[in-house]
Amino acid sequence: MSGYAFCNYVKFLEPSGSAYAETAYYFQNFTVNGTRVRGGDTYIFAPFVLATGGGEKSGDRSSNVLGIGASTQAGSTIILNLFKQAVEQRWLLQVETVSLNISTFADDLLISTENWRVASYEMDTKVIRLRLISPLDAVKGQVPRRRLSEELVGALPTTGQITT
């Protein structure tokens with residue numbers, strides 16, 4: 001009989017000049033009440049789940065939700081403050097999904113790395129949800145911040161017509 005084990009590592013990234021820098025917020029959802037080390041960084045446990053948008057009709061995976069239980073007032077306040085700061089300061093969330101060795105629960109294979117832009121948050125009596133969108137979403141992300149110019153890319157078309 002075989003089994004599978006997976007861990008999601010999430011880290012928040014904040015704008016720093018023209019790039020993004022790591023914050024002090026690193027979480028994992030496998031080792032309950034413990035920590036895991038990945039790439040030299042220590043991730044603390046948080047009981048979160050990721051809904052990857054796989055059920056969207058278009059299948060475009062342009063959105064995601066990170067959900068965490070609203071179990072205690074103090075915990076909910078801390079999470080809400082973190083989510084509020086992430087939204088206001090336009091942070092990114094990097095998610096690494098890793099398969100684990102079923103015998104030792106050590107990291108085995110990186111399955112995926114995804115970068116999401118934090119868009120909004122909401123809360124009800126049971127769950128706090130952090131809404132995530134593609135960092136390439138041009139409308140919600142207010143992109144482009146740079147515009148194509150002839151100095152950057154050379155000759156640009158002047159019409160929408162294609163001729164061969």
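Note that this is a predicted model, so its numbers are computed, not measured.
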Say whether Y25 and W116 are linked into one hydrophobic cluster, either directly or through other cluster members, by side-chain heavy-atom distances under 4.5 angstrom.
-> yes

In terms of hydrophobic clustering (I, L, V, M, F, W, Y; side-chain heavy atoms under 4.5 Å; direct or indirect links), are F48 and I44 co-clustered?
-> yes

Could you measure the distance from the [atom1] atom of [X] to the [atom2] atom of [Y]? Nearest 0.5 Å is fine.
X    : Y    : atom1 : atom2 : value
M123 : I68  : CE    : CD1   : 11.0 Å
T113 : Y9   : OG1   : OH    : 12.0 Å
R131 : L66  : CZ    : CG    : 11.0 Å
L130 : I128 : CG    : CD1   : 10.0 Å
E96  : L110 : CD    : CG    : 5.5 Å
T35  : Y26  : OG1   : OH    : 14.0 Å

Would you mind reporting whether [Y] and [X] have side-chain heavy atoms less than 4.5 Å apart?
X    : Y    : result
F45  : F27  : no
W91  : Q85  : yes
L100 : D107 : yes
L50  : V95  : yes
V98  : R38  : yes
Y20  : P15  : yes

Report the C-alpha separation of N29 and Y43 in whole Å, then their side-chain angles, then the decisive distance to 0.1 Å, and conclude whether the side chain to side chain contact (heavy atoms under 4.5 Å, CB included) test is met.
-> CA-CA 9 Å; N29 65 351; Y43 292 76; over 6 Å; no

Donor-acceptor pair between R36 and T31 side chains, under 3.5 angstrom = yes

Test side chain to side chain contact (heavy atoms under 4.5 Å, CB included) on D41 and E22 and set out the steps.
-> CA-CA 11 Å; D41 297 321; E22 296 179 5; 3.9 Å; yes

Does T23 reach the main-chain N or O of E14 with its side chain, forming a donor-acceptor pair under 3.5 Å?
-> no

Q28 side chain to T42 backbone, donor-acceptor under 3.5 Å = no

Give the C-alpha distance, both sets of side-chain angles, the deciding distance and a yes or no for side chain to side chain contact (heavy atoms under 4.5 Å, CB included) between V118 and L92.
-> CA-CA 6 Å; V118 175; L92 295 182; over 6 Å; no

Take F30 and F105 through the test ring-ring contact (aromatic ring centres under 6.0 Å, His included) and record every step on the way to the result.
-> CA-CA 9 Å; F30 185 81; F105 297 124; 5.3 Å; yes

Test L80 against Y121 for side chain to side chain contact (heavy atoms under 4.5 Å, CB included), laying out the working first.
-> CA-CA 8 Å; L80 279 173; Y121 64 96; 3.8 Å; yes

